[in-house]
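Below: one structure, written as structure tokens.
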Amino acid sequence: MLIDTYGRVATDLRVSLTDRCNLRCTYCMPEEGLQWLAKPDLLTDDEIVRLIRIAVTSLGIEEVRFTGGEPLLRPGLVGIVERCAALAPRPKMSLTTNGIGLKRTAKALKEAGLDRVNVSLDTLRPDVFKTLTRRDRHHDVLEGLEAARDAGLTPVKVNTVLMPGLNDDEAPDLLAWAVENDYELRFIEQMPLDAQHGWKRDGMITAGDILTSLRTRFELTEEGSEQRGSAPAERWLVDGGPHRVGVIASVTRPFCSACDRTRLTADGQVRTCLFATEETDLRVALRAEDSADEEIARIWKLAMWGKKAGSGLDDPSFLQPERPMSAIGG
Ligand code: SAM
Ligand code: SF4
């Protein structure tokens with residue numbers, strides 16, 4: 001089991017498959033991109049599957065989410081999913097993606113064993129999409145979403161970040177669109193994880209702002225805390241249900257005490273938190289001549305034992321981690 005000194009148990013593993021991306025969302029990456037991880041440092045498909053096997057068979061991981069960067073840019077993605085689906089016990093598997101290219105791969109991913117997707121989309125307006133992501137690919141994302149729903153990668157969730165002055169007036173329109181298309185919308189508060197260090201607490205759109213805006217058009221009924229469990233999204237029934245909307249308020253209503261996550265970067269580092277400033281190397285143990293699963297499991301458990309109580313966001317001494325969101329795996 002992966003357990004920490006506060007008694008939290010990690011059952012949910014986030015695996016970053018690449019730090020590269022074909023968009024440049026302003027809250028995530030600078031226009032010119034970043035210094036990408038060097039190829040030899042990236043875990044191979046075999047190494048990723050081995051780590052997931054260890055996590056599932058020896059460490060109590062029940063759910064695996066593939067992310068990045070943009071995970072659809074990883075050539076071996078379908079094969080990785082297929083091999084993980086053959087593990088016993090079989091983990092639940094999902095993917096967080098910007099949706100570009102999903103039209104082509106949704107069916108193959110479903111057939112390989114992927115259960116669900118989260119697609120990120122911040123706006124219904126193509127011009128705003130271009131400003132926010134610095135790429136003219138709005139239509140591709142909409143097509144990717146439809147393909148995911150048609151392939152049965154359901155419930156399809158849509159992740160939305162609202163940025164002041166850009167798309168913060170769109171919350172009700174986005175919810176109406178999501179309800180109509182049978183997507184579950186989840187707003188994520190902007191976090192200080194952008195490579196440019198441009199985040200400002202004063203300017204950010206809070207969960208409170210989002211709910212106020214949604215309530216101008218919808219009746220929202222909060223779901224009980226049992227339903228929330230360790231899921232970071234607080235959820236509301238929309239106009240009595242069955243559709244729901246979620247808000248992930250990592251900044252203003254953190255959920256660290258119920259966190260059940262552990263993270264693996266594309267270059268084989270364990271991170272116990274998005275905001276961790278320390279990482280634990282698994283790649284060296286993976287590539288050692290006498291590499292043993294037991295040793296890797298031991299290192300992973302030790303990393304988990306050192307997990308901090310919270311993100312530290314509210315601490316005046318808070319320091320943004322060196323790795324940006326795209327290289328951690330959001
Ligand atoms: N490229 C994929 C995507 O965009 O879905 C997966 C990686 S991305 C880092 C994962 C999620 O993190 C996306 O939903 C994105 O909107 C969100 N994200 C990125 N930077 C963020 C930030 N600074 N604050 C809050 N969410 C952020
Ligand atoms: Fe790429 Fe996702 Fe970051 Fe946007 S949020 S730049 S799609 S990694």
Side-chain angles (χ1 to χ4, degrees), residues 14-34 36-37 65-74 77 94-102 105 116-123 128-138 140-141 144-145 148 153 156-164 166-168 174 183-201 203-207 210 232-233 246-255 261 263-266 271 273-275 311 313 320-321 323-330:
R14 308 266 147 154
V15 182
S16 173
L17 295 178
T18 175
D19 58 331
R20 292 175 188 248
C21 192
N22 41 14
L23 296 183
R24 295 285 182 273
C25 304
T26 49
Y27 47 75
C28 185
M29 265 201 218
E31 184 153 20
E32 64 279 11
L34 294 163
W36 311 122
L37 293 169
R65 173 176 296 272
F66 299 104
T67 180
E70 178 41 52
L72 291 179
L73 294 181
R74 175 116 191 174
L77 173 64
S94 56
L95 176 79
T96 300
T97 169
N98 63 28
I100 295 171
L102 195 53
T105 45
R116 281 202 327 92
V117 290
N118 282 36
V119 178
S120 302
L121 180 68
D122 302 326
T123 176
V128 175
F129 183 91
K130 200 170 161 192
T131 307
L132 264 168
T133 67
R134 304 188 180 102
R135 299 287 186 271
D136 198 3
R137 308 294 300 267
H138 192 249
D140 299 85
V141 181
L145 270 161
L153 292 167
V156 174
K157 296 189 182 174
V158 174
N159 289 0
T160 300
V161 178
L162 293 180
M163 297 293 285
L166 276 174
N167 60 342
D168 55 334
L174 279 158
Y183 304 138
E184 186 174 321
L185 184 64
R186 300 137 47 96
F187 292 94
I188 307 178
E189 282 183 343
Q190 189 199 357
M191 296 178 271
L193 288 169
D194 57 315
Q196 317 84 287
H197 292 234
W199 179 87
K200 286 193 192 69
R201 187 164 194 145
M204 64 168 280
I205 308 297
T206 65
I210 295 164
V247 181
I248 303 182
S250 319
V251 178
T252 62
R253 301 185 205 170
F255 37 85
R261 298 205 173 151
R263 295 171 182 275
L264 186 63
T265 65
R271 296 181 61 90
C273 173
L274 270 179
F275 296 98
S311 64
L313 265 175
Q320 186 172 330
R323 257 187 218 261
M325 183 68 132
S326 55
I328 294 171

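Counting starts at 1 for both ligands and their atoms, in listed order.
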Subject >> Nearest non-hydrogen protein atom, atom 16 (O) of ligand 1 >> reply: Y27 OH, 3.3 Å
**OP:** Number the atoms of ligand 1 from 1 as they appear, then name those within less than 4.0 Å of a heavy atom of T97, with their elements.
**Re:** 2 (C), 3 (C), 5 (O)
**OP:** For R137 and R134, indicate whether the former's side chain and the latter's backbone hold a donor-acceptor pair under 3.5 Å.
**Re:** no
Original post:
For ligand 1, which atoms, with element, lie under 4.0 Å from some heavy atom of M191?
Top reply: 22 (C), 23 (N), 24 (N), 25 (C), 26 (N)
Original post:
Quick one: which ligand 1 atoms are inside 4.0 Å of a heavy atom on T67?
Top reply: 6 (C), 7 (C)
Original post:
Looking only at protein heavy atoms, which one is nearest to atom 12 (O) of ligand 1, and how far off is it?
Top reply: M325 CE, 3.5 Å
Original post:
Judged by modelled atom types alone, do R271 and T265 share a side-chain donor-acceptor pair under 3.5 Å?
Top reply: no
Subject >> Closest approach of any protein heavy atom to atom 6 (C) of ligand 1, naming residue and atom >> reply: G69 O, 3.3 Å
**OP:** Please answer whether the main-chain N or O of T123 pairs with a side-chain N or O of N167 as donor and acceptor at a distance below 3.5 Å.
**Re:** no
Original post:
With backbone taken as N, CA, C and O and side chain as the heavy atoms from C-beta onward, which portion of V161 lies under 4.0 Å from ligand 1: side chain, backbone, both, or neither?
Top reply: side chain
Original post:
Can you name the one residue among D194, N98, T133 that meets side chain to side chain contact (heavy atoms under 4.5 Å, CB included) with C25?
Top reply: T133
Original post:
What protein heavy atom sits nearest atom 14 (O) of ligand 1, and how far off is it?
Top reply: S120 OG, 2.7 Å
**OP:** Determine whether the side chain, the backbone, both or neither of C21 has a heavy atom under 4.0 Å from any heavy atom of ligand 2.
**Re:** side chain
Subject >> For Q190, atoms of ligand 1 separated by under 4.0 Å from a heavy atom >> reply: 24 (N), 25 (C)
Subject >> Which residue and heavy atom of the protein sit nearest atom 3 (Fe) of ligand 2, plus the separation >> reply: C28 SG, 2.4 Å
Subject >> Numbered atoms and elements of ligand 1 in range of C28, under 4.0 angstrom, heavy atoms >> reply: 20 (N)
Subject >> D122, T131, L132 screened by side chain to side chain contact (heavy atoms under 4.5 Å, CB included) with M163, the one that passes >> reply: L132
Original post:
Does some non-hydrogen atom of P324 fall short of 4.0 Å from ligand 1?
Top reply: no
Original post:
Can you tell me if Q320 uses its side chain to pair, donor with acceptor, with the backbone of H197 under 3.5 Å?
Top reply: no
Subject >> Minimum heavy-atom distance P71-L77, with the two atoms named >> reply: O-CD2, 3.8 Å
**OP:** Please name the pair of heavy atoms, one in G101 and one in T105, separated by the smallest distance, quoted to 0.1 Å.
**Re:** O-OG1, 3.0 Å
**OP:** Verify the distance criterion only: is there a donor paired with an acceptor across the side chains of E70 and T97 at less than 3.5 Å?
**Re:** yes
Original post:
Of all the atoms in ligand 2, which lie at a distance below 4.0 Å from a heavy atom belonging to N98?
Top reply: 7 (S)
Subject >> Per atom 4 (Fe) of ligand 2, closest listed option by heavy atom (G69, S16, C25) >> reply: C25
Original post:
Closest non-hydrogen protein atom to atom 8 (S) of ligand 1, residue and atom name please, with distance?
Top reply: G68 O, 4.3 Å
Original post:
Which atoms from ligand 1 have a heavy atom of N98 less than 4.0 Å away?
Top reply: 2 (C), 3 (C), 5 (O)
Original post:
Looking only at heavy atoms, which two atoms of K157 and R116 are closest? And how far apart?
Top reply: CG-NH1, 3.6 Å
Original post:
What are the two closest non-hydrogen atoms of A148 and L102, and how far apart are they?
Top reply: CB-CD2, 3.9 Å
Original post:
Do the side chain of R263 and the main chain of G329 share a donor and acceptor less than 3.5 angstrom apart?
Top reply: yes
Original post:
E70 heavy atoms, cut-off 4.0 Å: which ligand 1 atoms fall inside?
Top reply: 1 (N), 2 (C)
Original post:
Relative to the heavy atoms of N159, which atoms of ligand 1 are at a distance of less than 4.0 Å?
Top reply: 14 (O)
